[in-house]
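Presented below is the structure to which this report refers.
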Amino acid sequence: MSQETQCRDIQEDHKRFVEPLGDFNRTHTCGELTTADLKKEVRLCGWVQFRRDHGGLIFVDLRDRAGLSQIVFIPEVAPEAHEKAHILRSEYVLALEGYVRARPEGMANPNMVTGGIEVVVRSWRLLNTSKTPPFLIEDRLDPGENLRLEHRYLDLRRPRMNSALIMRHKITQSVRRYLDEGGFIEVETPILTKSTPEGARDFLVPSRVNQGEFYALPQSPQIFKQLLMVAGLERYFQIARCFRDEDLRADRQPEFTQIDIEMSFVNEDMVMHMAEGLMARVLRDVFGKDLVLPFPRMTYDEAMRSYGVDKPDTRFDLRLQEVTDIVKGSDFRLFATAPLVKAMRVPGGETLSRKEIDEFTEYVKIFGAQGLAWIKIRPDEWQSPIAKFLSETERAGLKEALGLEVGDIVFFQAGAPEMVNAALGNLRVRLGEHLGLIPEDLHNFLWVTDFPLFEYDQEEKRWVACHHPFTQAQGDPEAMVADPASARARAYDMVLNGTEVGGGSIRIHNAAMQRSMFAALGFSPEEAESQFGFLMQALEQGAPPHGGIAFGLDRFVMLLLGLGSIRDVIAFPKTQKAGCLLTRAPAPVSAKQLRELGLALREKPGE
RNA sequence: GGAGCGGUAGUUAAGACGGUUAUAACGCCGGCCUGUCACGCCGGAGGCCGAGGGUUCGAGUCCCUUCCGCUCCGCCA
């Protein structure tokens, strides 16, 4: 007889004990009982976490959302209840009546919140049986993620996952309270909307009524929230689902949630002030922490110069420094010819082993680096594969510029600026983690400002908007067209511990300016009109100056809970191949459905 | 589109050098047990080693193909 058969027989057999809930009304949660509740008559509901059947006494840890309570079946107290309790198995659901008493001398469990008490069962009823779960409902074990996602309802039953969703709820409610009190109006915008040419790939939904035409799911409510400003709402927010059909990452899902905010009659400082207040409110409401306001600000240029990335982790103090000029005459050809050479001094890094350095070298290759040059500053010598190429002048120059001291290691990267910054900037974070330089439990908020307005798209051979095409340029709009490379945007990102958690901008509220923006992006007037005519018409109807910001809620919650994957704060996430292992979405549809939509598949799946 | 890691009992893992009957822990089933708390003790069941093909006297182990999960690059205004 197979195990499965055995289990099924047992649980099938136990089903005859199942009773209806009836008018049973629970009085307490399993997590809340303490010695303050002694002698109380209580009614509890929950799931069997552990069963310890001594033949005589039977102990069960009963679990509900709030926690665990030990319940005990005692033959002398309730013979019937005790006799029946032998059938209890993991994850059976039950309801019980009993009384709270202190555990006998020396039997308290200091590891449990409710460890001082136990509930003596007078009577109980089995509400449902459970097949043996595919994995134990426990925090300290971690089954494979595919298994967890296939049985997500069981995975979420684990206290850690359960509480992540509860924390997410608390954060969301705190956000809602803050914004409501600040006069923001929550408005829902369409999920079925129009595809836009800029930005990420759209999810498309075919229209049955208008065959051959498609809705797009929104990448963000951007245009609608601007239209709400034109509509005179003045202050809007939405906890908005957004969709982007791009490849996934640990912190990226095809559908995700933004805290989307827009305000009229504001400048950058006003939006940032509001956003800082929001963060402070959430941290205080949910974590009892006070933030120092305002947050520090850093320009994009400074971030790229000193940290190599546009979302610097300033919890630790390693910095990149350009040394191009110092080594431009070097015998080391790579240094002499590279358009950019940057160095990162790591105090005390001289102790890094060859093996560790090799691992870092492999790491930077991910970002296109050919290798990783390094110098260990020893008392007697500079130990380095490239030491022999460095002249006395170059050594002196590096020593002075970088402030080198004995015990340091310096890493170098030379080549195209994007590669140099990406390689060293990411290596910087890796080193920070590796060397334990990052303080824990710190909420290090930072604004990054003065982003470029455009960046050049090599593939499309045109300028594209860094933020989005509705962002105002700083200063003279004419200059934006004349010199796109140096135009700056009225845009700002909020960074938390080296991760972008939000970004926004002051928008264009002038139709002519919006037209010239589209022109700068290479749209013909006709294209601009057909794609965004409705927006420009709206801007011509008394659009107020406005701006806003949007926060990635999932990522934000993940960071605040100290988790490494966005999937752990989303109830039913997708896998890296954008599938749902629970429902098996996406899935083929019937020929009839396709016919109704006027669609035909170019190839049959699987052929 | 690309790089890397992984898939062995219900679960988590060991086995990787090609060579007896594929290990362990937990879980599961049966028995015993009145103070356990990840209870304990005794006994037992449980495997197409992700799938397909190949090399070989012989494949969990080597080769090819493929599926699935994860991390990353590209991508993500």
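Below, chain A is the first sequence line, B the second, and so on; all start at residue 1. Remember, predicted model here, so these are calculated numbers, not experimental data.
What separates CG of A:Asp13 from C1' of B:rG30 is a distance of 14 Å, to the nearest Å. With rounding to whole Å, A:Asp251 atom CG is found 11 Å from B:rC72 atom C1'. A:Phe135 places its CZ atom 20 Å from the P atom of B:rG7, with the value rounded to the nearest Å. Distance A:Gln253 CD to B:rC75 C1': 16 Å, rounded to the nearest Å. Rounded to whole Å, atom P of B:rG6 lies 20 Å from atom CZ of A:Arg148. Atoms CZ (A:Arg51) and C1' (B:rC37) sit 14 Å apart, rounded to a whole Å.
Contact between the side-chain N/O atoms of A:Arg252 and the OP1/OP2 oxygens of B:rC73 is not found at any separation under 4.0 Å. A close approach under 4.0 Å does occur between a side-chain nitrogen or oxygen of A:Arg249 and OP1 or OP2 of B:rC73. When the side-chain nitrogen and oxygen atoms of A:Arg52 are compared with OP1 and OP2 of B:rU36, none of them lie within a distance under 4.0 Å. A:Lys365 has no side-chain polar atom (N or O) that falls below the 4.0 Å cut-off from OP1 or OP2 of B:rA3.
When each of B:rC72, B:rG35, B:rC75 is scored by its nearest atom to the side-chain atoms of A:Arg103, the top-ranked nucleotide is B:rG35. When each of B:rU11, B:rG27, B:rG35 is scored by its nearest atom to the side-chain atoms of A:Leu147, the top-ranked nucleotide is B:rU11. Comparing B:rU36, B:rC72, B:rA38 by their nearest atom to the side chain of A:Phe59 picks out B:rU36. The side chain of A:Ile366 has B:rC72 as its nearest neighbour among B:rG35, B:rC72, B:rG69. Here the side chain of A:Arg140 is nearest to one of B:rG69, B:rG35, B:rA38, namely B:rA38. Distance from the side chain of A:Arg567 is smallest to B:rU71 among B:rG35, B:rU71, B:rC39. The side chain of A:Leu581 sits closest to B:rG69 out of B:rG35, B:rC37, B:rG69.
Under the Watson-Crick or G-U wobble criterion, with both distances below 3.5 Å, B:rC32 is paired with B:rG40. When Watson-Crick and G-U wobble pairs are counted only if both distances are under 3.5 Å, B:rG47 pairs with no nucleotide at all. Under the Watson-Crick and G-U wobble criteria, each requiring two contacts below 3.5 Å, nucleotide B:rC17 is left unpaired. Base pairing of B:rU56 is not made with any nucleotide, judged by Watson-Crick or G-U wobble geometry with both donor-acceptor distances under 3.5 Å. Remark: B:rA22 base-pairs with no nucleotide; criterion is Watson-Crick or G-U wobble with both hydrogen-bond distances under 3.5 Å. Across the strands present, B:rA3 finds its partner in B:rU71; the criterion is a Watson-Crick or G-U wobble pair with both atom distances under 3.5 angstrom.
Of the residues listed (A:Arg490, A:Arg488, A:Arg507), the one engaging A:Glu268 in a salt bridge (Lys or Arg N to Asp or Glu O under 4.0 Å) is A:Arg490, and it is the only one.
Heavy-atom contacts from other residues, nucleotides or ligands closer than 6.0 Å to CZ of A:Arg462 number more than 12. The environment of OH in A:Tyr215 is sparse: at most 12 heavy-atom neighbours from other residues, nucleotides or ligands sit within 6.0 Å.
Using a 4.0 Å heavy-atom distance criterion, A:Ile58 is classed as making no nucleic acid contact. Residue A:Glu145 is classed as a sugar-phosphate contact, given heavy-atom separations below 4.0 Å to backbone atoms only.
Here A:Asn497 pairs with nothing under the side-chain hydrogen bond (donor to acceptor under 3.5 Å, both in side chains) rule; sequence neighbours left out.
Between A:Glu500 and A:Lys311, none of the side-chain N atoms (NZ, or NE/NH1/NH2) sits under 4.0 Å from a carboxylate O, so this pair counts as no salt bridge. Under the 4.0 Å criterion applied to side-chain N and carboxylate O atoms, A:Glu433 and A:Arg430 are not assigned as salt-bridge partners.
Separating the P atom of B:rC26 from that of B:rC42 is a span of 11 Å, rounded to the nearest Å.
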